[in-house]
Protein chains: 4
Amino acid sequence: MPKETFLNLAEAKRESFLEAAFHEFARNEYRAASVSRIVAKLGIAKGSVYQYFADKKDLYAYLLELAATRKQAWMVKKQGASSATPSFFARHRNLILASVDFDLRNPNYSLLMVNAMKESPGTEAGLVVSSIGHLTLDFLRALVQEGRSTGELRDDIDELLVAQLVNAASLSVGSYMEAKYGFSIVERLGKAEASLPFGDKDLEKAVDELVELLQHGIRKPGR
Amino acid sequence: MPKETFLNLAEAKRESFLEAAFHEFARNEYRAASVSRIVAKLGIAKGSVYQYFADKKDLYAYLLELAATRKQAWMVKKQGASSATPSFFARHRNLILASVDFDLRNPNYSLLMVNAMKESPGTEAGLVVSSIGHLTLDFLRALVQEGRSTGELRDDIDELLVAQLVNAASLSVGSYMEAKYGFSIVERLGKAEASLPFGDKDLEKAVDELVELLQHGIRKPGR
Amino acid sequence: MPKETFLNLAEAKRESFLEAAFHEFARNEYRAASVSRIVAKLGIAKGSVYQYFADKKDLYAYLLELAATRKQAWMVKKQGASSATPSFFARHRNLILASVDFDLRNPNYSLLMVNAMKESPGTEAGLVVSSIGHLTLDFLRALVQEGRSTGELRDDIDELLVAQLVNAASLSVGSYMEAKYGFSIVERLGKAEASLPFGDKDLEKAVDELVELLQHGIRKPGR
Amino acid sequence: MPKETFLNLAEAKRESFLEAAFHEFARNEYRAASVSRIVAKLGIAKGSVYQYFADKKDLYAYLLELAATRKQAWMVKKQGASSATPSFFARHRNLILASVDFDLRNPNYSLLMVNAMKESPGTEAGLVVSSIGHLTLDFLRALVQEGRSTGELRDDIDELLVAQLVNAASLSVGSYMEAKYGFSIVERLGKAEASLPFGDKDLEKAVDELVELLQHGIRKPGR
DNA sequence: TATGAATGAGTCTTCATTCAT
DNA sequence: GATGAATGAAGACTCATTCAT
């Protein structure tokens, strides 16, 4: 929903604007985020923002949409890599992996969305977010339905509940890695591209274990 | 940390003050919450707030503490009801049940804490919160350790990951009920004591199913 | 101008109140001085102040009057000591000495008055002060007149100007001692009765030199 | 230290802003001076002040600097007029004259500085001022040193004390003129450019007499 | 198209003063 | 005579938004 003015901007300028905006909204929730700080950082006039976007909310909505779009693109690309349609669990594993990977690599985007989720529904910002909110869940729900129809997933439990659990599980990987390797995504924001304190293999292992837990449960077998 | 002045207040007045304050901080995160709105709603002088509390942060901290304390008291009471120390899963079920039950019955408290968890670390409000943050997870971790030592839980997966999953699962019940019964906890805030669109039995059923999923996994058995 | 209530107070209570009040007004000019801080320090109710005095201004005026009275009493006592009526210069020397001595020994009082002198005329506080303002000058003027009539002082220069100079000279001794001995009266306030970094003899010497300068001028003789 | 915004302002607007600000800070010491009053008088928005200056302190510091700079420029100009380097006393006379003249003609500036000197050290405003504080005295001290080395000034008295006396003497001219001609600098502030109740000659005469007193003392000669 | 000064509602906070108990 | 909760005006400051240039 940016104005034409913004889309006509030279790409370099447009991108540097977006970068500064993401920076601001990733670190501060909607109310606390400051348009003034964005323009100060960029050294442009305050009025410009309002020639690019209708208002703060409009800018915020665009950033959210952009983050979502870019993440989706990344997911599709990663998914495409895993050619044939494997089992539900294999696909789910890859989904989680791709998602967490993206978030860890793009803290500006993921923190923006985390902040977004927090926006109290009903507030200006919350309204913008709520639509995006159910997208993921709907997608997972469809995936679960498919898993059921192929007989991979148990069908004695409400499918919605399964989807919620699967969703919650995915979201917990990030905090798990933070806790396990003792770092903070938020704090990494300030630093210039500090590398993650673990390798790809470590992340894969965590995801595999999580999928294993989801598959077979946390109860010790044989009891 | 309220001042004497507040504690000396007539109970009715004190409670109505707290109610208004909870109302405000449940709907708005720290920065967005407005002291002015609280006093306007109560019809008292702005100065009064500062005779009760040192400042906005002080008030916020007190509300957090109060919500935590009251929830804890509720949990203890519910736990006490389930006499002997049963299996890990039974205890976990009861925990989730009590917790979700409290949150649904006291949206003011639970939303305050949800908002609190969101406070960006490093901000004024975030500092107040951070201490409370890891309490739940630490508690669950201890519970998981115990479950392992009694042989109920599998011990081939990182205990921290198990705790994270268990935690994430608990948190998902609320949204599950919202989605399933098509209502919104936040929106119920405004209304005077609207009853929940489901009975105790429904909630218990959901929790039981969730625990079942956690125990045995989502995979269809016999495959 | 305190109310009866204050005068009826037990002496100990009355004095401790005054001490706290002096403390506050010596360190802060009228506007910045805080009634709240006084009562907080004393641990009494805020309302009490308004049963002792009509308002802040009334309290302030009383403190000023008290400080002036007490200084005057001290001056009289010191003057009385120097029995017979000596020369103008001897008397002037003793006046300065007694005055500076009092100020250095009673920073609470003298700083109150210094603060008072600063109050912009026309303001609430300024009005209270202005009357006191001319007292000293009038006194000096009379002294100068006497010195002239006895033939001690030159009478070719406007008597008012002489009085002004004499007054200005007296006032400069304090800052001179501060600069020379590298200390600050204001800062001494906080410390518990720290002794002055110079002896009585040093102060007398300074005053003697000043009087000598006033008498014979700063020009090198014989030129 | 004003922001660009202020410097870019149309001169008329900038000057009227400064006038209002000087007006306010000349009549009220830092704490009592009110930004709100300034904008009310100017009929501009409160926010504007904060687009011109970082905060109240910043504005205050700028006013101080401006007053000091303008006075200094005036002094230099006046000093330049008195060609060759004459005797200490001639130079001192001219200094006093220029200084008092400036102060009487620019009460807004001089009262601001008088107010500034009063700021309690240690307070926000005091810190801003303290640096400027000793400048005059240091300057006079150097002057005195020079007078001694040329043999004009007596060297049997502490040079610092002489400087203090000289300083105190200069400062007393203003009040002398006020008392003698029965007017009040402060009260002239309100009125539009009211002329002084005495001529240049009168002022010169007063200064000359003062210098004479300083030179030869107040004692009647031949006794 | 870009600018950036102007706006003014809104923020938290302080404080002297009042008055019912 | 003492209390201390209530008051509300006033303070400095922030910020998204507008609009003339």
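The shown structure was predicted, so the numbers you read here are calculated from the model rather than taken from an experiment. Throughout, protein chains are lettered first and strands after them, A, B, ... in sequence-line order, and every chain is numbered starting at 1.
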Between [options], spot the one nearest the side chain of [X], thanks.
| X | options | value |
| --- | --- | --- |
| C/S36 | E/dC15, E/dA6, E/dT11 | E/dC15 |
| C/Y52 | E/dT17, F/dA2, F/dA12 | F/dA2 |
| D/S34 | F/dA12, F/dT7, E/dT13 | F/dA12 |
| B/Y50 | F/dG1, E/dT14, F/dA5 | E/dT14 |

Quiz item: When Watson-Crick pairs (N1 to N3 and N6-O4 or O6-N4) and G-U wobble pairs (N1-O2 and O6-N3) count only below 3.5 Å on both distances, what is the dot-bracket string of DNA chain F, with | for other-strand pairs?
Solution: .||||||||||||||||||||
Under 4.0 Å from OP1 or OP2 of [N]: is there any side-chain N or O of [X] that close?
| X | N | result |
| --- | --- | --- |
| D/N8 | E/dG4 | no |
| B/K56 | E/dC12 | yes |
| D/K13 | E/dA6 | yes |

Quiz item: When all nucleic acid strands are considered with a 4.0 Å heavy-atom cut-off, which category describes A/L9: base, sugar-phosphate, or nothing?
Solution: sugar-phosphate
Exercise. Under 4.0 Å between any heavy atoms, over every strand shown, what does C/A33 touch: base, sugar-phosphate, or nothing? Just pick one.
Key: sugar-phosphate
Grab the [atom1]-[atom2] distance between [X] and [N] for me, whole Å please.
| X | N | atom1 | atom2 | answer |
| --- | --- | --- | --- | --- |
| A/E24 | F/dA16 | CD | P | 9 Å |
| D/I38 | F/dA10 | CD1 | P | 17 Å |
| A/F6 | E/dA2 | CZ | C1' | 15 Å |
| B/E4 | F/dT3 | CD | C1' | 13 Å |
| B/R37 | E/dT13 | CZ | P | 15 Å |
| D/D55 | F/dT14 | CG | P | 8 Å |
| D/L59 | F/dG11 | CG | C1' | 15 Å |
| C/F53 | E/dT18 | CZ | C1' | 18 Å |

Between [atom1] on residue [X] and [atom2] on residue [Y], distance to nearest 0.5 Å:
| X | Y | atom1 | atom2 | result |
| --- | --- | --- | --- | --- |
| C/K3 | C/L9 | NZ | CG | 13.0 Å |
| C/E4 | C/Q51 | CD | CD | 13.0 Å |
| C/Y62 | C/F6 | OH | CZ | 5.5 Å |
| A/L112 | A/F25 | CG | CZ | 8.0 Å |
| B/R27 | B/L111 | CZ | CG | 8.0 Å |
| B/M1 | B/L59 | CE | CG | 11.5 Å |

Quiz item: Of D/S48 and B/K46, whose nearest nucleotide on DNA chain E comes first from the 5' end?
Solution: D/S48
Quiz item: Taking for each residue the nucleotide of DNA chain E bearing the nearest heavy atom, is the 5' side occupied by C/R31 or by D/A45?
Solution: D/A45
Quiz item: Want to settle it: does D/Q51 or C/G43 sit nearer the 5' end of DNA chain F, counting the closest nucleotide to each?
Solution: C/G43
Exercise. Could you check B/I44 against A/A32 and say which one's nearest nucleotide on DNA chain F is further toward the 5' end?
Key: B/I44
Self-check item: Heavy-atom neighbours of B/E15 CD exceed 12 at 6.0 Å
Solution: yes
Practice problem: Please determine if C/K56 forms a cation-pi arrangement with C/Y30, meaning its NZ or CZ atom is less than 6.0 Å from the six-membered ring centre and no more than 45° off the ring axis. | Solution: yes
